[in-house]
Amino acid sequence: MRHPARTWPAIAGTATLALSLSALAAPAASAARAQGTRDLSGVPVALTTQTPNVSPQLRVDQAGYPDNAPKLAYLMAGARIARVNFSVTGARGVVFRGTSTDNVGGWNSRYRAVYKLDFSSIRRTGTYRIRVGSAVSPPFRIASGETLYGQLVGNGVRYFTSERDGPDVVSSVLDRKPANLTDARAFVYADPRYDSNDTLIGGFTKIGGPVDVSGGWFDAGGGYEKFGFTASYTDALLLMAARDFRGPFSDTLRAEAEFGLGWMRKLWDPAKRVMYVQVGIGNGNAKINGDYDFWFLPQAEDRLGAKPGAMDYYVEYRPVFEAAAPGKPVSPELAGRYAADYALGAQLAVRSGRGDAASRPAERGSAVRLLALARSVYAMARTAHVTSIVTTFPHDYYPGTEWKSAMLWGAAEIALADERLGVPRSVLRRDLEAAARWARAYLVQGHPAGGDTLNLYDNGALAEADLLRAMRGAHERPVIAPKLLVADLAAQLRLGEASAHGDPFGLGTALGASDATPHAFGLYVTGALYREYGGSAEYSSFARQQLNYVLGANPWGASFVVGAGSAFPHCMQSEIANLAGSLSGRGDIQLGATVDGPSSPDNFVGLGTVSGMRACGYGSYGPFNNAAAGYEDNVVSWPSVEPASDYSAISLLAFGYGAAGVG
């Protein structure tokens, strides 16, 4: 998860919005008292206890339900009820009546019972609402996956377009302007040092350059740094979606994925054998400002007029950092994922089954060069005596440790690129065997209780699926038993199910302790891949609920993706959205931005403003918080509503699979 140190060092001495969760949380419920003898539909029931002044709440997937998928909603009630009678209404009135006695547990001191409402038998397309007594849900659709999720793929592409850096921006998207043009001639500095509070120690020592690191996407909403660690993961997901998605946004998706790949290519110099991993700094010190000391549109960084020695100098003239000295082995996590990016780019350059390799020599030449880049960076991975991996400076921004899945991922994508290019069988076999070695190493790690599932830090599910794909395409004896990889996908889903057993809404990751939204999307993607490569339907309902959760079927009734559903973040901690967009949830908003959603209450303590920030708060979510997690839609609340590239990439990939009817 993102470390809490990713906050604003400039808040000291500024006015704060005083938004700790303890201030927003609802007061403890008064003593329960005996209520009458009717359920929430007015039907007589046995005597129960009810928390006074608590209105029942209905939670649905606001983006809608595929017509052929399970369909679950939730009723949050102040006390246990003998049974809940509910109806589903459409344009022609009531289309379904159901009853639930399925109390899946209490949520907090106000909502002491949560009931699961199943209306899976409805398959007719249309727009519906659920009613329980006077409680009415937001509207939702039942439709095909393509209808529900196709536009959300397009929204995801638009988000990345809105986050472009450099000269090649799209002005029609949130009025973006060229920015950080100094990155075209940036200088390389020795790795910075940070103390335990993530404060920069000393200054910077120039060691090389200039290098062109212009372009790419910003890492997250609250700053303009660019990290190879997150960008390599993000672009790989967009490249996979572009490779596999066929729909109305295929061309724009591919163009945006290739834009990201263009920046990734600048981060590896095969001639010098040097890898670049970061452009810019977030945290500075008393003498050096970092990116988080400012709140402005990105083009303002070019206009600071800073001179050497000025506090703002490294904001205008951003430093570049290396993964290791030229020619030295690099972090295996980065080597594997950079290789995956280049090899995926090679796969896109020559699409199989269309004769492209024969009829488009320019595209084939590009693919050959990309595959060579993938091989060269992959060969530089340090895989022995790995005690830590390079991610970002400071490391606490992204404290990654697992790296074997990235090595598997890179090898699997190289093998798939081999197949697209028709390399000799001996070369393909060698690359498949390399992938198999890392697959076994990843399998040995296992998935212990409390372990991780697919997200920024663990790429195993994607890597295993593409190794299965590569073995299918090779048409020869598998280098590893496919059933082992399929079983490991199932193991990751079981790990999610174990977490879901303790959550009334079925979230497959521990609230407060992990990034909830990307883990939920990751579990949905894992479920889709499991089915795609021969798995049973055993985990389909669980995987489906992960998508439901992040799109509104959660305690807060909020979708965590802008533009998906009717209640989504209005007030993100995004400089671009805050300063160039609408704060009303309508009009010019940062569509497709995906936020973390619920987070630990401790992460909301001491949040404050930065000069230039437009104050914005929306909704009243406090009554739905509990001791484990809270949610706030407020511009200062980065733990809940800071969009990030990795969050938005996994949501885009999930929507692509949903639109294709996979999972």
Side-chain angles (χ1 to χ4, degrees), residues 145-146 149-170 172-173 176 215-217 231-267 337-357 359-371 373-374 409 412-414 416-417 419-421 462 465-466 469 473 525 528 591-594 645-646 648-662:
E146 183 177 3
Y149 305 120
Q151 181 62 56
L152 297 182
V153 173
N155 290 354
V157 174
R158 190 179 188 276
Y159 168 76
F160 283 98
T161 304
S162 76
E163 289 287 306
R164 286 188 179 191
D165 194 22
D168 187 12
V169 298
V170 179
S172 62
V173 178
R176 285 300 321 283
W217 299 304
S232 57
Y233 169 81
T234 293
D235 197 46
L237 267 59
L238 264 67
L239 289 162
M240 292 178 77
R243 180 192 66 189
D244 299 339
F245 178 73
R246 300 290 178 270
F249 300 98
S250 295
D251 290 343
T252 56
L253 171 57
R254 177 170 179 169
E256 199 61 38
E258 289 178 338
F259 174 85
L261 181 63
W263 189 67
M264 288 304 306
R265 294 183 70 167
K266 295 179 178 183
L267 300 190
R337 296 205 299 204
Y338 280 38
D341 287 345
Y342 304 146
L344 280 160
Q347 294 168 46
L348 273 186
V350 283
R351 291 179 179 259
S352 62
R354 297 185 180 182
D356 289 0
S359 62
R360 298 181 178 178
E363 284 80 356
R364 180 175 176 82
S366 176
V368 168
R369 290 189 292 274
L370 282 164
L371 182 54
L373 277 182
W409 199 6
E413 301 305 346
I414 287 172
L416 283 169
E419 293 172 0
R420 292 286 178 97
L421 283 163
L462 299 172
D466 269 8
R469 182 184 188 131
V525 168
L591 287 168
T594 301
S645 61
D646 57 302
S648 302
I650 191 65
S651 69
L652 187 155
L653 184 62
F655 294 141
Y657 286 142
V662 179

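Considering Leu238, Leu152, Leu253 as possible partners of Val157, the one that fulfils the side chain to side chain contact (heavy atoms under 4.5 Å, CB included) test is Leu253.
Residues Thr234 and Phe160 meet the side-chain proximity criterion, which asks for heavy atoms closer than 4.5 Å. Side-chain atoms of Leu239 and Met264, non-hydrogen and from C-beta on, never get closer than 4.5 Å to each other. Using a 4.5 Å heavy-atom threshold, the side chains of Tyr657 and Asp244 count as touching. Contact annotation: the side chain of Leu348 never approaches that of Leu261 to less than 4.5 Å [non-hydrogen atoms, C-beta and beyond]. At a threshold of 4.5 Å between non-hydrogen side-chain atoms, the residues Asp251 and Arg254 do not count as touching. Counting heavy atoms from C-beta outward, Arg420 and Leu371 have side chains that stay 4.5 Å or more apart. For the pair Leu421/Val350, a side-chain contact is recorded, criterion being any heavy-atom separation below 4.5 Å from C-beta on.
At most 12 non-hydrogen atoms from other residues, nucleotides or ligands lie less than 6.0 angstrom from CD of Glu146.
Considering every non-hydrogen atom in both Ile414 and Ala339, the closest pair reads CD1-CB, 4.4 Å. Residue Tyr338 comes nearest to Ser232 through the heavy atom pair CD1-CB, 3.8 Å, listed as atom of the first residue, atom of the second, then distance. Closest of all the heavy-atom pairs between Ala367 and Ala349 is CB-CB, 3.7 Å. When all heavy atoms are compared, the tightest approach of Tyr159 to Ser162 is O-OG, 2.6 Å. In terms of heavy atoms, Asp341 sits closest to Ala231 at OD2-O, 4.4 Å. Between Val525 and Ile650, the shortest heavy-atom contact is CG2-CD1, 4.1 Å.
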(request) Could you walk me through whether Arg265 and Leu370 pass side chain to side chain contact (heavy atoms under 4.5 Å, CB included), step by step? (result) CA-CA 9 Å; Arg265 294 183 70 167; Leu370 282 164; 3.8 Å; yes

(request) With side chain to side chain contact (heavy atoms under 4.5 Å, CB included) as the test, would you mind laying out the steps for Trp263 and Asp235 before giving the verdict? (result) CA-CA 10 Å; Trp263 189 67; Asp235 197 46; over 6 Å; no

(message) Is there a side chain to side chain contact (heavy atoms under 4.5 Å, CB included) between Trp409 and Tyr233? Walk through the geometry before answering.
(response) CA-CA 11 Å; Trp409 199 6; Tyr233 169 81; 4.2 Å; yes

(message) Determine whether Leu653 and Leu462 satisfy the following criterion, side chain to side chain contact (heavy atoms under 4.5 Å, CB included), listing intermediate values before the conclusion.
(response) CA-CA 11 Å; Leu653 184 62; Leu462 299 172; 3.9 Å; yes

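Within the 3.5 Å criterion, the main-chain N or O of Thr594 finds a donor-acceptor partner in the side chain of Ser648. Without hydrogens or angle criteria, Arg176 side chain to Val170 main chain gives no donor-acceptor distance under 3.5 Å.
In this structure, the separation between CG on Leu416 and CD on Gln347 is 4.5 Å, given to the nearest 0.5 Å. Note: Met240 CE to Asp466 CG = 4.0 Å, rounded to the nearest 0.5 Å. Atom CZ of Phe249 sits about 4.0 Å away from atom CD of Gln151, to the nearest 0.5 Å.
Salt-bridge formation is detected for the pair Arg164/Glu256: a Lys NZ or Arg NE/NH1/NH2 atom is positioned less than 4.0 Å from an Asp or Glu carboxylate oxygen.
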